[in-house]
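The block underneath contains the structure these notes are about, expressed in structure tokens.
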Amino acid sequence: MRVAVAGGTGLVGALTVAELERAGHETVVLARSTGVDLARDADTLTEDLAKRLVGVDVVIDVLNVMTRDATESAEFFGRTTAALLAAEDSAGVGHHLVLSIVGIDRVPHDYYVGKLRQEELVTAGPVPWTILRAAQFHEFAGQLLGGLTFGPIGLAPRMPVRPVAAAEVAAHLARLAVEPPRRATLDLAGPHREDLAAMVRRTARRDGGPRLVVPVRVPGAYGRGVRAGALVPEAPDLVGQQSFAEWLRAR
Ligand SMILES: NC(=O)c1ccc[n+]([C@@H]2O[C@H](COP(=O)([O-])OP(=O)(O)OC[C@H]3O[C@@H](n4cnc5c(N)ncnc54)[C@H](OP(=O)(O)O)[C@@H]3O)[C@@H](O)[C@H]2O)c1
């Protein structure tokens with residue numbers, strides 16, 4: 001099959017491209033670094049994109065924007081999803097598979113505003129679809145540490161999660177891409193429930209991060225929701241096998 005991966009140079013995107021190529025599929029990577037800005041404001045975007053999608057059977061969307069601003073998130077995911085769907089429709093692509101996040105409709109969060117917009121456009125759009133909602137990646141603890149370290153001190157939000165390795169998310173995406181579109185949303189979580197703050201502390205210890213990692217209580221409605229388990233699916237459709245501890249040891 002010929003599979004386009006929007007965001008195919010990112011963390012989960014690069015792993016997905018590698019999985020697809022290992023299975024003998026042809027890939028087309030859509031990212032700014034490969035010459036495609038999917039968020040650009042241009043009349044010609046659909047036309048340019050449709051040319052790149054000629055002969056493509058499936059598009060996997062693993063794009064991301066680093067923001068905590070609701071407007072910016074909604075604009076990015078709204079704009080990029082609309083651009084992809086219009087071009088896929090015009091090029092005759094038969095399946096749009098997008099990576100989302102578990103529980104985004106259960107707690108208010110500014111970044112999730114964009115992810116919900118993305119899901120809405122996909123489910124209402126012209127292209128047969130599948131949504132894979134993954135739990136937080138094992139790698140997420142390190143990403144958080146990157147943004148919440150102040151000299152020798154790192155802050156770590158205390159909340160239950162059920163993390164999964166990004167490599168396993170990529171493997172599921174590569175498999176779902178070559179199956180018929182589900183027109184359904186599937187949840188994927190890891191094998192165990194973990195405390196995110198403890199994951200951050202263990203990542204910092206392993207990577208030589210800040211000497212002191214301070215667990216913090218997340219305020220507001222988001223904090224209350226996540227403490228009540230909003231991001232922990234009880235009965236996920238798909239369950240990853242590698243635990244956080246195994247993943248950390250294997251790095
Ligand atoms: N982190 C988690 O724990 C977690 C859990 C569940 C789901 N997710 C979801 O997983 C998805 C992927 O996350 P990730 O961490 O793998 O992302 P990432 O490493 O930040 O990669 C983002 C990708 O998007 C591309 N991109 C960004 N802006 C673009 C633009 N304007 N035009 C074209 N390409 C653009 C980037 O390439 P260029 O920079 O070259 O453009 C890169 O390939 C996200 O949608 C996120 O919501 C994350």
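Counting starts at 1 for both ligands and their atoms, in listed order.
Summary of contacts: the protein heavy atom closest to atom 27 (C) of ligand 1 is Asn64 O, 3.3 Å. Among all non-hydrogen protein atoms, the one lying nearest atom 6 (C) of ligand 1 is Ala134 O, 3.4 Å. Distance from atom 12 (C) of ligand 1 to its nearest protein heavy atom, with residue and atom name: Val62 O, 3.4 Å. At the top of the distance list for atom 29 (C) of ligand 1, counting protein heavy atoms only, stands Arg32 NE, 3.5 Å. Counting protein heavy atoms only, atom 37 (O) of ligand 1 is closest to Thr9 OG1, 3.1 Å. Nearest protein heavy-atom contact of atom 23 (C) of ligand 1 is Gly7 CA, 3.6 Å.
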- Task: Would you please test Arg133 and Asp105 for salt bridge (Lys or Arg N to Asp or Glu O under 4.0 Å) and show each step?
- Result: CA-CA 11 Å; Arg133 279 186 173 183; Asp105 49 352; 3.2 Å; yes
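For an aromatic pair to be called close, the ring centres must be under 6.0 Å apart, and Tyr111 with Phe77 satisfies this.
Cluster annotation: Met159 is connected to Val213 through the hydrophobic network of ILVMFWY side chains, with a link wherever side-chain heavy atoms come within less than 4.5 Å. Both Tyr112 and Phe76 belong to a single network of hydrophobic side chains, linked directly or stepwise wherever heavy atoms of I, L, V, M, F, W or Y lie under 4.5 Å apart.
The residue Arg40 has no part lying near ligand 1, judged by heavy-atom distances below 4.0 Å.
Ligand 1 places these atoms under 4.0 Å from at least one heavy atom of Val12: 16 (O). Atom numbering of ligand 1 starts at 1 in the shown order; those under 4.0 Å from a heavy atom of Gln143 are 1 (N), 15 (O). In summary, the atoms of ligand 1 found under 4.0 Å from a heavy atom of Asp37, numbered by their order in the structure, are 30 (C), 31 (N), 32 (N). Short contacts between ligand 1 and Ala39, defined as distances under 4.0 Å to a heavy atom of the residue, involve ligand atoms 31 (N). Taking every non-hydrogen atom of Val36 and a distance limit under 4.0 Å, the qualifying atoms of ligand 1 come out as 32 (N), 33 (C). Proximity to Ile101 (heavy-atom distance under 4.0 Å) selects the following atoms of ligand 1: 6 (C), 7 (C), 8 (N), 47 (O). Every atom of ligand 1 with a heavy atom of Ser33 under 4.0 Å away is listed here by number and element: 40 (O).
At most 12 heavy atoms of other shown residues, nucleotides or ligands fall within 6.0 angstrom of atom CZ in Arg68. The number of heavy atoms from other shown groups lying within 6.0 Å of CZ (Arg158) does not exceed 12.
Considering backbone and side-chain N/O atoms, Thr80 never comes within less than 3.5 Å of an N/O atom of ligand 1. Of the N or O atoms in Gly10, one or more lie within a sub-3.5 Å distance of an N or O in ligand 1. Residue-to-ligand polar distances place Tyr111 within reach of ligand 1: an N/O pair is separated by less than 3.5 Å. Checked by distance only, ligand 1 and Lys115 come closer than 3.5 Å through their nitrogen or oxygen atoms. For ligand 1, the polar-atom distance check finds an N/O of Leu11 within less than 3.5 Å of one of the ligand's N/O atoms.
Among Ser100, Ala135, Ser73, the residue whose heavy atom lies nearest to atom 7 (C) of ligand 1 is Ser100. When Leu144, Val65, Leu63, Leu38 are checked for heavy-atom proximity to atom 34 (N) of ligand 1, Leu63 turns out nearest. Comparing Val169, Val5, Leu132, Leu99 against atom 9 (C) of ligand 1, the shortest heavy-atom distance belongs to Leu99. For atom 8 (N) of ligand 1, the candidate residues are Phe77, Phe140, Phe137; the nearest heavy-atom contact is made by Phe137.
In this structure, Arg249 does not pair ionically with Glu246, as no charged nitrogen and carboxylate oxygen lie closer than 4.0 Å. Using a cut-off of 4.0 Å between Lys/Arg side-chain N and Asp/Glu carboxylate O, Arg40 and Asp48 are scored as salt-bridged.
Within the 3.5 Å criterion, the main-chain N or O of Arg2 finds a donor-acceptor partner in the side chain of Asp57. No donor-acceptor pair under 3.5 Å is formed between the side chain of Arg251 and the backbone N or O of Arg206.
Applying the ring-ring contact (aromatic ring centres under 6.0 Å, His included) test to His25 and every residue at least two apart in sequence or in another chain returns nothing.
Using bins of under 30°, 30° to 60° and over 60° for the plane-to-plane angle, the ring pair Tyr222/His109 lands in the perpendicular bin.
For the pairing with Val93, the side-chain contact (heavy atoms from CB on, under 4.5 Å) check across Leu85, Val56, Leu84 returns one residue only, Val56.
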